[in-house]
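From a predicted model like this one, the values you see are computed outputs, not experimental measurements.
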Amino acid sequence: MKETEIEELIKDERYLKLLAEKFPDVSSVATEIINLQAILDLPKGTEHFLSDLHGENIAFSHVLKNASGVIRRKVDDIFGMTMRQSEKNALCSLIYYPSEKLALLRNNETDIDEWYRTTLYQVVAVAREVSSKYTHSKVRKLLPPEFAYVIAELLYEDERESDKQNYYAQLINTIVDIGRSEKVIIAICQLIHRLVIDTLHIVGDVYDRGPGACDIMETLCNYHNFDIQWGNHDISWMGAAAGNLALIANVVRISIRYANVETLEEGYSINLLPLATFAIDTYGNDKCTVFQAADFEDNQRMSRSMQLMAKMHKAISIIQFKLEGQIIKRRPEYGMDSRNLLHLIDYEKGSIRIDGKEYQLKDKNFPTIDPEDPYKLSPEEEMLMTQLYHSFTRSEKLQNHLRCLYKHGSLFLVRNNCLMYHAAIPLNPDGSFEEVSVDGKKYKGRQLMERIDQIIRTAYFGRIESADTHTALDYMWYLWCGPKSPLYNKDKMTTFERYFIGDEKLCREEKGPYYELANNADTCDYIMRDFGLDPEKSRIINGHTPVRTTHGESPMRAGGKRLVIDGGLSKPYHKTTGIAGYTLIYNSHGLQLVQHEAFESKEKAVKEGSDIHSRVQLEEFKYHRMLVRDTDRGRELMSQIENLRKLIMAYRQGVIKEK
């Protein structure tokens with residue numbers, strides 16, 4: 001060994017000694033190198049990308065259960081013409097919802113033991129297929145201890161070998177004879193769920209509109225491997241949970257606007273009774289017609305009368321406009337003075353003058369606004385917001401979910417040649433990065449995204465009395481609706497205009513240059529290079545903007561360099577998009593973009609075998625199957641192998657002694 005190599009080992013001695021605590025001798029190091037080297041040559045795990053879930057827990061849950069149609073395709077591949085379609089539907093339904101399906105079938109089968117035997121063979125066949133790209137060790141670790149040995153034997157023994165046929169059959173028969181069939185079937189189905197999606201990427205917007213955001217977060221926080229790139233609606237909830245009053249009002253307003261107060265009340269134990277009391281006292285005789293909740297098919301979810309909800313909706317909206325006006329006044333650097341409109345109202349005439357033109361207001365009753373100081377909360381409004389502040393900041397479940405969003409989330413993510421962010425990177429009209437001033441300094445491109453990510457974390461983890469924390473909390477509101485926010489990037493958010501004026505021109509929100517320029521391949525290449533990616537091998541993945549397939553729009557932009565995967569999973573968008581969501585699937589063979597139809601119900605899926613029908617929009621298969629060594633994880637493993645080789649040399653050269 002060269003003298004310089006020994007010197008290198010001595011230089012790394014401190015780190016190698018730490019590594020030696022885990023691998024105390026040459027034998028243990030060699031075993032680990034062999035294991036890691038073998039993993040490098042396995043096919044890469046399957047990644048699923050979803051965006052804009054917007055509280056649609058039932059559809060989201062089923063997409064996870066059926067792995068965006070992957071399980072159905074596996075069943076078709078394995079059983080082909082040997083099973084009728086109705087039988088394959090029933091098997092898929094069993095894999096998706098094993099407990100529910102077994103409860104339904106238990107009393108309907110004439111020979112239940114024979115059904116158990118047949119079903120065990122079938123689910124084992126599917127599990128064997130989806131586990132083929134993982135090490136035996138990893139699969140065993142995922143099995144419940146009670147059945148780990150038996151299921152491992154079923155997976156890794158070939159029942160087709162003549163010497164093993166009797167052994168294999170006896171395993172199945174014994175499981176049935178001792179009454180453990182259902183538990184083993186459930187365990188195998190759960191293993192399939194765990195293996196078929198290796199990594200789940202949520203490209204923003206878990207919250208708002210649909211009723212199940214709390215349930216989605218509970219699923220994600222217990223999921224085996226996920227990440228989220230925060231969306232503007234997530235930021236609104238994160239800011240509210242951190243104590244930003246304007247965002248608290250915004251979250252409550254949108255929940256009422258979409259007839260979705262159960263996420264607040266039942267999901268997070270947010271007490272809305274003080275708001276209801278205040279709304280009745282303040283707007284008792286006001287019909288609040290403008291503030292009737294959105295007229296969706298599932299409006300029966302509303303737990304209160306339409307009139308009370310409308311009053312609450314108006315009350316919190318006026319408070320929101322006041323609180324936003326206060327932020328704009330104390331943060332002139334946001335450049336959003338034009339969004340303060342309350343002082344432009346002629347309260348006697350019930351009109352407002354904007355850009356020299358007078359508009360009549362659709363609602364002219366403002367009992368809580370002082371025309372001399374329109375952005376000041378009344379004492380009753382102050383008290384109400386104090387109560388809501390305590391509800392949000394002291395909700396244990398909301399705070400748990402918030403910490404989960406921080407732990408697994410970021411403003412952007414670069415992973416396996418994919419650049420993920422929810423909405424936009426601010427650009428100038430010429431396609432160059434727009435410089436955005438943050439805390440008196442200018443940032444652009446990746447540096448801007450990294451700085452904003454830091455601010456988002458400061459808003460929650462900073463000391464509450466710190467000036468930096470208060471600044472960061474205000475900036476959370478800017479990220480929700482600011483013109484240069486990468487999570488919004490429109491000239492204005494016209495909430496006031498839509499409620500009170502309704503003029504189409506005034507309600508128009510002009511998108512930043514990004515939304516058009518990012519449809520150009522050169523722009524995408526420019527962005528990807530700034531994030532350290534090779535444009536020839538990489539892609540940008542966005543959500544945020546629903547793809548209107550009814551208008552001929554495609555999720556594939558810039559020649560396939562950018563994929564917009566907001567297909568309208570949220571019910572309010574179904575008419576706009578014409579579909580019910582996309583999933584981007586990235587496996588060892590390449591990319592698939594899957595388009596979903598609407599999901600009917602879990603009950604129908606269990607009873608009738610109904611499913612989300614999905615069809616592939618894009619298939620890009622590689623001539624070379626991607627292995628773990630081709631991924632970011634593979635590069636980490638190769639670095640570990642290199643360090644382990646150094647440890648072996650250190651042992652052999654006596655730099656470190658074996659234990």
Proximity of Phe500 and Phe366 rings by center, below 6.0 Å: yes
Residue from Arg257, Lys314, His313 passing side chain to side chain donor-acceptor pair (under 3.5 Å) with Tyr499: His313
Is the ring centre of His233 less than 6.0 Å from the ring centre of His54? yes
Would the number of heavy atoms belonging to other residues, nucleotides or ligands and lying under 6.0 Å from CD of Gln326 be above 12? yes
Report yes if the side chains of Trp477 and Glu324 come closer than 4.5 Å at any heavy-atom pair, otherwise no. yes
Can any side-chain N or O of Thr219 pair as donor or acceptor with the backbone N or O of Asp215 at less than 3.5 Å? yes
Is the closest basic N to carboxylate O distance between Asp286 and Lys311 below 4.0 Å? no
Under 3.5 Å side-chain donor-acceptor pair for Thr199 and Asn225: yes
Do you know which two heavy atoms are closest between Thr469 and Ala459, and how far apart they sit? CG2-O, 4.0 Å
Between Phe412 and Phe531, is the gap from one ring center to the other below 6.0 Å? yes
Hey, are the side chains of Asp52 and His422 touching, using non-hydrogen atoms and a 4.5 Å cut-off? yes
Looking at Glu509 and Arg498, does any basic side-chain N land under 4.0 Å from a carboxylate oxygen? yes
Can the ring centres of His401 and Tyr268 be said to be less than 6.0 Å apart? yes
Centroid-to-centroid, Phe226 to Tyr223, below 6.0 Å? no
Glu497 pairs by salt bridge (charged side-chain N to carboxylate O under 4.0 Å, His left out) with which of Arg339, Arg508, Lys505, Lys362? Arg339
Trp230 ring center within less than 6.0 Å of Tyr406 ring center: yes
Side-chain donor-acceptor pair present, Thr263, Asn260, cut-off under 3.5 Å: yes
Compare all side-chain heavy atoms of Met556 with those of Leu563 and state whether any distance is below 4.5 angstrom. yes
Is any side-chain heavy atom of Asn340 closer than 4.5 Å to a side-chain heavy atom of Tyr375? yes
Could you go through Tyr582 and Phe49, starting from their C-alpha distance and side-chain angles, then the distance that decides it, and tell me whether this counts as ring-ring contact (aromatic ring centres under 6.0 Å, His included)? CA-CA 9 Å; Tyr582 290 115; Phe49 303 75; over 10 Å; no
Are any non-hydrogen side-chain atoms of Asn222 and Leu220 less than 4.5 angstrom apart? no
Thinking salt bridges, do Lys484 and Glu434 make one under a 4.0 Å N-O criterion? yes
Looking at Val206 and Ala213, what are the two nearest heavy atoms and their distance? O-CB, 3.8 Å
Would you call the rings of Phe392 and Trp237 parallel, tilted or perpendicular, where under 30° means parallel and over 60° means perpendicular? tilted
Say whether Asp227 and His408, considering side chains only, have a donor N or O and an acceptor N or O under 3.5 Å apart. no
Using 4.0 Å as the upper bound for N to carboxylate O, is an ion pair formed by Arg446 and Asp530? no
